[in-house]
Amino acid sequence: MPVVRNGRYRAGSIPVIDISWRSRDMLKEIIVKACEECGFFKVINHGIPDDVVAKMEAVGLGFFSLPVAEKQQAGPANPLGYGSKTIGPNGDTGEVEYLLLHANPSSVSLRAKSICKEDNIEFSCVVNEYVESVKELACEILELLASGLGLEDTGAFSRLIRDKESDSLLRLNHYPSFPSYCNNNKLEENKVGRVGFGEHTDPQILTLLRSNGVAGLQILSPSTDAGAWVPVPPDPAAFFVNVGDALQAMTNGRLVSVRHRAMANSYNTRLSTVFFGAPPLHAWISPIPEMVTTLRPRRYRAFTWSEFKKMIALLVKTEDCLEVPQRLEIEDQCVALRLNHRTESTGSEKFETASICAEDKEAWKISQYLT
Ligand SMILES: C=C1C[C@]23C[C@@]1(O)CC[C@H]2[C@@]12CC[C@H](O)[C@@](C)(C(=O)O1)[C@H]2[C@@H]3C(=O)O
Ligand SMILES: O=C(O)CCC(=O)C(=O)O
Ligand SMILES: [Fe+2]
C-alpha cells in the first residue's frame, strides 16, 4: 500500500496519509483528494499515545469476554448500550455484538455503571481519555479539510464536533470468529467471511476507526468497478477515516460518504473501536456557501441533525418487505419510500408486496435531502 509522500496515490488503492508530514499545504491537498475520490483513507503517525489505544482495546476485550448475562445488563441497545446482531436493516443477519456509547464524558460515566460494576471509574477514565485523543485527531483532519477546500472559516466542520452538545458516539464492535465445517464435518480452517456489519454509510460528519490486527473492513470504492468490495488490510497502529453523510452534504457532495461493511471470519476475533464525530442535535446541516458554485449548483437542502437521525431510526425499523402503500413520517412530514413492487400469487389470489433492498435503503437516506 503506498504511503503518500508526493501528493499521489495509485487509483483503486487505499490512500495512506502521514499526518505528521511537515508540508501542511501538500497534506491538505492529499486529504481533500482522498476524500473526494474515495471518502476513505488511512492515517499513520497520528500521535495518539500507544498506551491510550492499548488500554481502550483491553477494556473493550474485557467487556466482551464477560458472561452474556452480565453484558446484557448494559442492554438492550436503545440505541445506546449493549446489543448483538440486530444492528439495522442491512446488518440484521450480521455476526456482531457491540457497545454503543454517547461520547460525552458524563454520559460515559453514567453508562459505565451498568457496563462494569466493579471497575466503572477505570472504564470511564480509559474511554474518556481515548475519546478526547481521537476527537482531537478528528478535528485536526477536519480543519485540514476545511482549509484544503479553501474555506475561510477553517473551523466550520470541527466546531460542530468540539461543541459540548455534540452528538458524537463511540462504538465497540466485536465480531467473534465462528467455527466452520467441511463436508465430512471436520473443523476446517476456512477463511471465507460472513457479513458482520452490513453495508452502510455512516450518517455523521467523520468516522475514525481503529481495529485489532484482524481483517474484516471492506469499502465500496467509487474508483473501482461498481459493486467491487475492497478489503482494507488491518493495521492496529493506524486509524481509518471515512467521510460521513453530513460532511458530504456540507461540502455539497464534493467529499463522498463511502459505503462500507465488516466481515466476521472463522479464524480470529475482530474488535473495532469507532468514533463518530457528529454535530449537536439542533445543528443545521447545509452546503457551505463557498461549496456552491455555478459549476457545482446546490445539491442538498438544509436539515437538522436531529431530523436526519429520526429518518434513519425509522428506516432501521422499516422491514425489508412492506405492505403498500408505505409512508414514513418525520416531524409531521410524510415522505414516501421508493419501493420495488412485485406481484405474487397464492392459489387464486394475487397481491402486491413491496420491498426495498439494503442498497436502496442506504442510497435513499441522503438522497432525501437532495434539492
Ligand atoms: C444499518 C444501519 C445501522 C446504523 C443505521 C443504518 O441504517 C446505517 C448506519 C448505521 C450507523 C453507523 C454509525 C453508528 O454506529 C449508528 C448508530 C449510526 O448512527 O449509523 C449505526 C446505525 C445503527 O446501528 O442503528
Ligand atoms: O467494524 C468495522 O470494521 C466497521 C464498523 C462500522 O462500519 C461501524 O460501526 O459503523
Ligand atoms: Fe460504519
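Ligands are counted one by one from 1 in listed order, and the atoms in each one are counted from 1 as well. This chain uses plain numbering: 1 for the first residue, then up along the sequence. All figures in this text were calculated on a predicted structure; none of them were measured in a lab. What you see below is based on every heavy atom in this structure, not just the backbone, and it leaves out hydrogens, waters and symmetry mates.
- The part of His260 lying near ligand 2 is the side chain, judged by heavy-atom distances below 4.0 Å.
- With respect to the Fe ion (ligand 3), Asp202 has OD1 as its nearest N, O or S atom.
- Taking the six-membered ring for Trp and the full ring otherwise, Phe308 and Tyr369 have centroids separated by under 6.0 Å.
- Under a 4.0 Å N-O distance rule, the pair Lys310/Glu307 does not qualify as a salt bridge.
- For ligand 2, the atoms sitting less than 4.0 Å from at least one non-hydrogen atom of Phe276 are 8 (C), 9 (O), 10 (O), numbered in the order shown with element in parentheses.
- Comparing His200, Arg261, His260 against atom 10 (C) of ligand 1, the shortest heavy-atom distance belongs to His200.
- Minimum heavy-atom separation, Ser124 to Ala112: OG-CB, 3.7 Å.
- Distances from atom 12 (C) of ligand 1 to the heavy atoms of Thr201, Asp202, Asn173 put Asp202 nearest.
- Every atom of ligand 1 is numbered from 1 in the order shown, and the set under 4.0 Å from a heavy atom of Ile312 is 5 (C).
- Contacts between Val274 and ligand 1, counted as non-hydrogen atom pairs separated by less than 4.0 Å, are absent for every part of the residue.
- By the criterion of a heavy-atom distance under 4.0 Å, the side chain of Asp202, and not its backbone, is placed next to ligand 2.
- The protein atom (non-hydrogen) at minimum distance from atom 8 (C) of ligand 2 is Phe197 CE1, 3.6 Å.
- Gly39 approaches Val258 most closely through the heavy-atom pair O-CG1, 3.5 Å.
- Using a distance-only test at 3.5 Å, with no hydrogens or angles considered, a donor-acceptor pair links the side chain of Ser166 to the main chain of Ala278.
- Taken together through direct or relayed side-chain contacts under 4.5 Å among Ile, Leu, Val, Met, Phe, Trp and Tyr, Ile121 and Leu66 form parts of separate hydrophobic clusters.
- The two atoms that bring Arg210 and Val53 nearest to each other are NE-CG1, 3.1 Å, heavy atoms only.
- What you find for Ser168 and Ile161 is that their closest heavy atoms are OG-CG2, 4.2 Å.
- Atom CG of Asn78 is surrounded by more than 12 heavy atoms from other residues, nucleotides or ligands within 6.0 Å.
- Outside the 6.0 Å centre-distance limit, the rings of Phe239 and Phe275 are not counted as a close aromatic pair.
- Taking a 4.0 Å cut-off on heavy atoms, Thr207 fails to register as neighbouring ligand 1.
- By heavy-atom distance, the residue among Arg171, Lys309, Glu199 lying nearest atom 16 (C) of ligand 1 is Arg171.
- Of all the heavy atoms in Pro234 and Asn212, the pair that sits closest is CB-O, 4.0 Å.
- The nearest pair of heavy atoms linking Pro176 to Thr269 is CA-OG1, 3.8 Å.
- Atom 3 (O) of ligand 2 has Arg270 NH2, 2.6 Å as its closest protein atom, hydrogens excluded (heavy atom only).
- Proximity to Ala262 (heavy-atom distance under 4.0 Å) selects the following atoms of ligand 2: 1 (O), 2 (C), 3 (O), 4 (C).
- To the nearest 10 degrees, the angle centred on the Fe ion (ligand 3) between NE2 in His260 and NE2 in His200 reads 90°.
- Atom 6 (C) of ligand 2 has its nearest heavy-atom neighbour, among Arg171, His200, Gln218, in His200.
- Of all protein heavy atoms, the one closest to atom 9 (O) of ligand 2 is Asn173 ND2, 3.0 Å.
- In terms of protein heavy-atom proximity, atom 2 (C) of ligand 2 is nearest to Tyr175 OH, 3.3 Å.
- At least one heavy atom of Gln204 sits closer than 4.0 Å to an atom of ligand 1.
- The shell of residues lying under 4.0 angstrom from ligand 1, judged by heavy atoms, includes Pro203.
- Listed by number with element, the atoms of ligand 1 under 4.0 Å from a non-hydrogen atom of Leu100 are 17 (C).
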